[in-house]
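Shown next, in structure tokens, is the structure this report addresses.
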Amino acid sequence: MKVLVAVKRVIDYNVKIRVRADGSGIETNNVKMSMNPFDEIAIEETIRLKEAGKVDEIVAVSMGAQQCQETLRTAFAMGADRGIHVLTESTLEPLAVSKLLRAIVQEENPDLVILGKQAIDDDSNQCAQILAGLLGWGQGTFASKLDFIGRKVEVTREVDGGLETLWLALPAVISTDLRLNEPRYASLPNIMKAKKKTIHQKKPEDYGVDISPRLETLKVETPPTRATGIKVANAAELAIKLRDEAGVI
Amino acid sequence: MNSLVIAEHSNIELKPSTLNTVTAARILGDDIDLLIAGKNCGAIADEGAKISGIAHVWLTDGPEYEHQLAENMAPIIADLASNYSHVFAPSSTFGKNIMPRVAALLDVQQISDVVAVESEDTFVRPIYAGNAMATVRSNDSVKLITVRTTAFKAAEMGGKAKQEIGPCKEDSGLSGFVKRELSKSERPELTAAKVIVSGGRGMQNGENFALLEALADKLGAAVGASRAAVDAGFVPNDYQVGQTGKIVAPELYIAVGISGAIQHLAGMKDSKVIVAINKDEDAPIFQIADYGVVGDLFKVVPELTAELDK
């Protein structure tokens, strides 16, 4: 089985972001960048499937500026086999990303696509669902467990009320939730090996995909901050404050 | 302008998220229709018809829609959407799963997690775990929107909409339902609760959540958790409050043994009153708490529970 995964280069999840003074967006200069955490989970899942003998080849895709190749190298160091980098300086909306992924799927013919459920920068949570819709494939979103049974996969999904299990005919698109696995750290020998793996660089025009944005960002602002409250000494004092001052109990 | 709202329901009950979504849609006017797709859900359609502001209810009732699989739902929503300027759904796991697939079928860029409707084409949504708010304008012919339900009040009942038979298609054959393991609780649902008591890594194990449950029962509260507590296996995944879990905004949020990572704050910082109980006085949770108690939660929580009896 061949699997395609996509990895996004985002501001590291530990960084406290800063809104640009002119309201045009988020400051990304001199900010630590990393692989989107949900994409790490996607890569980890494909590696486990390969280790279990269910997957032969893992193709990783990243889209964006030249530095996305670093993100692909991280995917290689974890265990992905080769990479495709779609080079563009333009902002890609989820619809454009999924259209590019569709074109890559049509070239690569994977049996499965695994994507992170959401990128922690734009928080859209859309790409896997759009890709599945564009391809006419089944979708298993917010996955916490995958079981392959013949030409089907059973997907346990994290839904608001608990867990739900669906079967999907392959090929299918999966999006990962937090509890699917715990991603590994790359070992030094694997980081060295990752340097030798190949990345094919492409451009959106190579796929004939129109990536022009549908949304115009008018402004980006810092949300109002909460005023820091007070400390109380003990439970008795807290109960009084909640009852008499806040009126919430 | 006319809007379609996709109802979230379980075939047995209409979910409150539907009512918040209707309120978001009403900002643009009262020409709103509701789609109810499910199996044996005529009673849900009757209830939906009573929501104030709804003109028509589309009822699609059939076995293909029992589990509201995205593969079956998206085509009927896409068919209906051509008659509307806007389609709204709640940004719950239900709406998040289905709406982007509709967007694919319509070639539209969906707008996720909208917290304010500024005009017919302009919407505000949080990005970076709510640490920034983006105002975006859509140029698409149909606006597809998922709504952050905590940002909009529940619509009232008192309407009298007409019902019509909605579109129906064949089963996609791409996917099917296997099973559902829903958490059973007598307590209110997290996203609808007025009071929430949440526990973090500081709870040390799942058994200790009994302390929070005792407090929650006194307050009529729901019990939530941080990602750390869920990852550690203390409580099930559906307890998680945060950027990628549930977004809540109750009247009172009591964070117990939660340090306050930005990903957790993203899920609860719009709560009206926030209480933090933590032994680490430098925990970031205290920066957004209205009332903080620095102390041992295993002492403070039972004391607070006892105080409520007074």
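Each chain gets a letter, A, B and so on, in the order the sequences are listed, and its residues count up from 1.
Heavy-atom pairs under 4.5 Å with chain B peak, among A:Leu218, A:Thr222, A:Val220, A:Thr228, at A:Leu218. For the options B:Glu189, B:Lys246, B:Glu281, heavy-atom pairs under 4.5 Å to chain A are most numerous at B:Lys246. Note: B:Gln243 leads B:Gln243, B:Lys272, B:Gln287, B:Lys299 in heavy-atom pairs under 4.5 Å with chain A. For the set A:Ala128, A:Gly161, A:Ala132, A:Ala169, the count of heavy-atom pairs under 4.5 angstrom toward chain B peaks at A:Gly161. Contact count versus chain A (heavy atoms, under 4.5 Å) is highest, among B:Glu251, B:Glu303, B:Lys179, B:Lys96, for B:Lys179. Here A:Val159 is the residue among A:Val153, A:Val159, A:Leu134, A:Val155 with the most heavy-atom pairs under 4.5 Å with chain B. Top candidate by heavy-atom pairs under 4.5 Å with chain B, chosen from A:Val10, A:Asp121, A:Asn14, A:Ile130, is A:Asp121. Taking A:Leu163, A:Thr141, A:Asp122 one by one and counting their heavy-atom pairs under 4.5 Å with chain B, the maximum is reached by A:Leu163. Most heavy-atom pairs under 4.5 Å with chain A: of the set B:Asn131, B:Leu308, B:Ile262, this distinction falls to B:Asn131. The greatest number of non-hydrogen atom pairs below 4.5 Å with chain A, out of B:Ala104, B:Ala78, B:Pro100, is found for B:Pro100. The candidate with the highest count of non-hydrogen atom pairs below 4.5 Å against chain B, out of A:Lys16, A:Glu154, A:Lys152, A:Arg18, is A:Glu154. Counting heavy-atom pairs closer than 4.5 Å to chain A, the top-ranked of the candidates B:Ile274, B:Val301, B:Thr305 is B:Ile274.
For the pair B:Glu13 and B:Lys15, the salt-bridge criterion is met [side-chain N within less than 4.0 Å of a carboxylate O]. Checked for salt-bridge contact, B:Glu307 and B:Lys310 meet the test: a charged N lies under 4.0 Å from a carboxylate O. Of the charged side-chain nitrogens involved, none lies within less than 4.0 Å of a carboxylate oxygen, so that A:Asp111 and A:Lys2 do not count as a salt-bridged pair. Classification of B:Asp107 and A:Arg214 as a salt-bridged pair holds, one side-chain N sitting under 4.0 Å from a carboxylate O. Remark: A:Arg226 engages B:Asp290 in a salt bridge, criterion side-chain N to carboxylate O under 4.0 Å. Salt-bridge check for B:Asp113 with B:Arg148: passed, with a basic side-chain N closer than 4.0 Å to an acidic carboxylate O. Taking 4.0 Å as the cut-off between side-chain N and carboxylate O, B:Lys143 and B:Asp121 do not count as a salt-bridged pair. Contact check on B:Asp309 versus B:Lys218 returns a salt bridge, with a Lys/Arg side-chain nitrogen under 4.0 Å from an Asp/Glu carboxylate oxygen.
A donor and an acceptor atom, one from each side chain of B:Ser183 and B:Asp238, are located under 3.5 Å apart. For the residue pair A:Gln129/A:Asn125, the side-chain donor-acceptor check at 3.5 Å is satisfied. For the 3.5 Å distance criterion, the side chains of A:Gln118 and A:Asn36 fail to qualify, holding no donor opposite an acceptor. B:Arg101 and A:Gln139 form a side-chain donor-acceptor contact under 3.5 Å, judged by distance and modelled atom types alone. Donor-acceptor pairing under 3.5 Å is lacking for the side chains of A:Glu44 and A:Asn181. Under the 3.5 Å distance criterion, with hydrogens and angles disregarded, no donor-acceptor pair is assigned to the side chains of B:Ser138 and B:Gln109.
Using a 4.5 Å cut-off between heavy atoms, B:Ala134 contacts chain A through both its backbone and its side chain. If you measure heavy-atom distances from A:Tyr13 to chain B, the contacts under 4.5 Å come from both the backbone and the side chain. Contact of A:Ser98 with chain B is not made at all, since no heavy-atom distance falls under 4.5 Å. With a 4.5 angstrom heavy-atom cutoff, B:Leu182 touches chain A via backbone and side-chain atoms both. No part of A:Leu170 comes within reach of chain B, as not one of its non-hydrogen atoms sits under 4.5 angstrom from that chain. Of the atoms belonging to A:Ile17, it is side-chain heavy atoms, and not backbone ones, that fall under 4.5 Å from chain B. Neither the backbone nor the side chain of B:Phe123 comes within contact range of chain A; no heavy atoms are under 4.5 Å apart. Proximity to chain B (any heavy atom under 4.5 Å) is shown, for A:Val173, by neither the backbone nor the side chain. For B:Glu71, the part sitting under 4.5 Å from any heavy atom of chain A is the side chain, from C-beta outward, and nothing else. The contact between A:Glu158 and chain B is made by backbone and side chain atoms together, counting heavy-atom distances below 4.5 Å. Residue B:Leu219 touches chain A through its side chain alone, counting heavy-atom pairs closer than 4.5 Å. For chain A, the nearby part of B:Val108 is the backbone; its heavy atoms alone come within less than 4.5 Å. Using a 4.5 Å cut-off between heavy atoms, A:Arg102 makes no contact with chain B at all.
For residues 232-249 of chain A, heavy-atom neighbours of chain B at less than 4.5 Å comprise A:Val232, A:Ala233, A:Asn234, A:Ala235, A:Ala236, A:Leu238, A:Ala239, A:Lys241, A:Leu242, A:Arg243, A:Glu245, A:Ala246, A:Val248, A:Ile249, sorted by residue number.
Applying the ring-ring contact (aromatic ring centres under 6.0 Å, His included) criterion to B:His67, with sequence neighbours excluded, gives B:Phe177.
Geometrically, A:Lys117 engages A:Phe142 in a cation-pi contact, judged by NZ or CZ lying under 6.0 Å from the ring centre and within 45° of the ring axis. Geometric assessment of A:Lys99 against the ring of A:Tyr207 yields a negative cation-pi assignment under the 6.0 Å and 45° thresholds.
More than 12 heavy atoms of other shown residues, nucleotides or ligands fall within 6.0 angstrom of atom NZ in A:Lys231.
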